[in-house]
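What you see is a predicted model, and the numbers here were worked out from it, not measured in a lab. Counting starts at 1 for both ligands and their atoms, in listed order.
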Amino acid sequence: MCGIIGCILSSGLVAPILFSGLKRLEYRGYDSAGMATICEGKLYLKKDSGKIDDINARLNFMDMPGSLGIAHTRWATHGAPSRENAHPHLDCSGRIAVVHNGVIENFLELKRELEDRGHRFTSRTDTEVIPHLIEEGVESGLNLYEATLQAVRRLRGSYAIAVISTVEPDKIVCARNESPLIVGIGDGAYYCASDIPAILEYTRNFISMDNGEIAILSLGGVEFRKISSGEIVSKKSFTVDWSVELAEKQGYPHFMLKEIYEQPLSLRNALRLQEQYLDLLSRFIDRGERVFLVACGTSYHACLAASYMFSKIAKVAAFPVVASEFLEQYGDSVGIDDVILAVSQSGETYDVLRAVDHARMKAATVLGLTNTVGSTLTRISRAYIVQQSGPEIGVAATKTFTSQLIVLAQLAMKVANLRGKLSQQESDHLRDSLKSMPEVVNRVLNSCADNVKLLAKRYAKKNLFLFLGRGINVATALEGRLKLLEITYIPSLAFSAAESKHGPISIVEKGVPVIFIAPRDSTRKEIVGNIMEMKARGAEIIALCEEDDGELIGLVDHHIPMPKGVPDILSPIPYVVPLQLFAYYVAVERGLDPDKPRNLAKSVTVP
Ligand code: M6R
């Protein structure tokens, strides 16, 4: 997730507006930033890695001339944070500048094609193909709009782009597919930006761009067209009366809720990983004598779920290990034939890095899965994958968890295919199911929110909760519990439902809420038994179960209907969503700020 902004003014300098927009967009990414303006037929460019204020202190964006320009704040997905990889990116001639938010899936093939035709690339980003594609259109006699249209028609993946060029120095062309983009209309000014807060200081009049649209901004007005047909689209503007603070959360009261609702998008981005990295990691995993999945907190829960994925489909025993215990538990035995897959959203968690350092010393192969390009984990791993969730502001991990799950599922599937463990039919079915996950989560969000809110209201004052599941959904139960615990401070337990009789059932008494994660999977018969034993002790049962699961619905006090037909190994992805919402609404009911839980930090970088 990056932030982009563009602006044309009838008079005055654009740089201060772009700079303040960048500051407002900083929450979307902050590893590098840049700006391009046009003045008297010349293109000016400044960019670098680092925080926006630091870059500005070094380069002084404010002295950039011109009343038209674009700017970008980056959250690296392709290529580490560096000056070369910072946006805007230029074509070979230096006449066209582009800023981009999103992921271009087919950039490698486009890059090869363009290089064969003599284009020179200076970065490792996916974005850089765009100015070169536009350059080819302009060289062939197309105007800036036509050349951009032709270029975006070649792109697969997600993008919000803004393009300027000295060949038509009075226009900004922008286009959108899946990444957010809005147009702002001011007094003698037109803007485009990733979100409303970036320009709320300057206008309250907006038009949202929809997927598959391209817009041409000039002082004469804005024209919107369809990318597919070039047909003009007429659009309505709307006025925003939000405060800047509310706008940063896109109208959501908290970042956590915004991030929960972002999951369909972050899952789509996590399905757009570069195949060659998935291939590389899966080959290392396949060759490992033993595979350890090492992480903390939520990321550990993703690893626990992944251990079931690897075992069930790839027939690989992968050991999930809490990073802080890795040294004591496996430190003496880990060796050259082992593979450690470290999973860390931040890539900076102390215990994870410590485990990784030790494993490296013992010559094991270290792989990484992270959300942060340029993090320590990416620097010390033999190979790594970036999950592409964008920055997560809420301390409670939500969208990064489901993205980790979907990346790990893709890896497990790759290893399964390498080992010949999946038939064509199984493989096709899994691939289709993976692809459907963003939509499945979208449906869950739409269908369960009201219901979950009511349940949260009803149970907010309880002082004990149990979360139970079996099989892979033990991980879901643990994650649901962690969400509730960390933002509501309510003591709660989670464990395999099978363990109840071995001790924990002793604390169950009348009225204790027990949340069962109960899809119709291979553990189904046993789960019914576990529900019965909890009911018998007076527990109030809330079940997350398939929408037509009449038998279960008849047994429990409340149920949250879930979509049918989700394969077992993917079920934690949709099933964790109501639990995230539940924790969020209970926190709100108790008057707590879910974004800032007490005693916790987003990233734990100390022992
Ligand atoms: O950045 P990491 O994924 O390594 O962080 C691990 C945990 O600190 C993190 O998941 C933590 O448990 C979250 N607050 C959970 O919501």
Side-chain angles (χ1 to χ4, degrees), residues 31 75 254-260 262-263 266 270 292-306 320-326 340-357 366-381 384-408 467 475-490 492 494 572 576-577 579-584 586-587 592-607:
D31 60 42
W75 178 265
H254 297 98
F255 282 110
M256 182 180 173
L257 192 61
K258 171 177 169 279
E259 285 156 2
I260 290 174
E262 251 165 41
Q263 290 180 105
S266 50
F292 295 104
L293 306 170
V294 178
C296 299
T298 290
S299 300
Y300 168 73
H301 298 151
C303 288
L304 180 60
V321 191
V322 173
S324 51
E325 290 303 318
F326 183 77
I340 279 76
L341 172 55
V343 179
S344 171
Q345 185 282 129
S346 60
E348 300 294 351
T349 299
Y350 174 86
D351 285 322
V352 174
L353 298 180
R354 190 155 165 263
V356 160
D357 275 344
V366 171
L367 309 175
L369 165 56
T370 181
N371 192 29
T372 318
V373 181
S375 60
T376 309
L377 183 58
T378 63
R379 294 198 298 276
I380 60 179
S381 301
Y384 65 88
I385 285 194
V386 181
Q387 59 186 84
Q388 303 182 163
S389 317
E392 191 173 58
I393 313 279
V395 167
T398 52
K399 64 174 180 172
T400 54
F401 175 64
T402 45
S403 288
Q404 286 168 344
L405 290 173
I406 208 161
V407 174
L408 290 163
F467 291 79
T476 317
L478 286 165
E479 178 57 12
R481 185 275 303 256
L482 180 61
K483 288 292 84 82
L484 187 77
L485 191 69
E486 68 182 327
I487 63 169
T488 69
Y489 323 136
I490 302 175
S492 34
V576 79
V577 172
L579 303 180
Q580 297 169 338
L581 284 170
F582 183 71
Y584 171 80
V586 172
L592 300 166
D593 180 350
D595 284 343
K596 296 190 192 93
R598 71 184 182 203
N599 306 338
L600 294 176
K602 183 72 187 159
S603 178
V604 183
T605 55
V606 287

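Near ligand 1, residues Cys296, Gly297, Thr298, Ser299, Ser344, Gln345, Ser346, Thr349, Val395, Ala396, Ala397, Leu482, Lys483, Glu486 come within 4.0 angstrom through at least one heavy atom.
Within the 3.5 Å criterion, the main-chain N or O of Leu369 finds no donor-acceptor partner in the side chain of Gln387. Under a 3.5 Å cut-off, the side chain of Gln580 and the backbone N or O of Ile260 do not form any donor-acceptor pair. The backbone N or O of Ser389 sits less than 3.5 Å from a side-chain atom of Lys399, completing a donor-acceptor pair.
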Under the criterion side chain to side chain contact (heavy atoms under 4.5 Å, CB included), I'd like the reasoning laid out for Tyr489 against Leu592: C-alpha separation, chi angles, the key distance, then a yes or no.
CA-CA 10 Å; Tyr489 323 136; Leu592 300 166; 3.8 Å; yes
| said: Test side chain to side chain donor-acceptor pair (under 3.5 Å) on Asn371 and Gln345; report intermediate values, then the result. | reply: CA-CA 5 Å; Asn371 192 29; Gln345 185 282 129; 3.1 Å; yes
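Between the side chains of Thr376 and Glu348, at least one donor N or O sits under 3.5 Å from an acceptor N or O.
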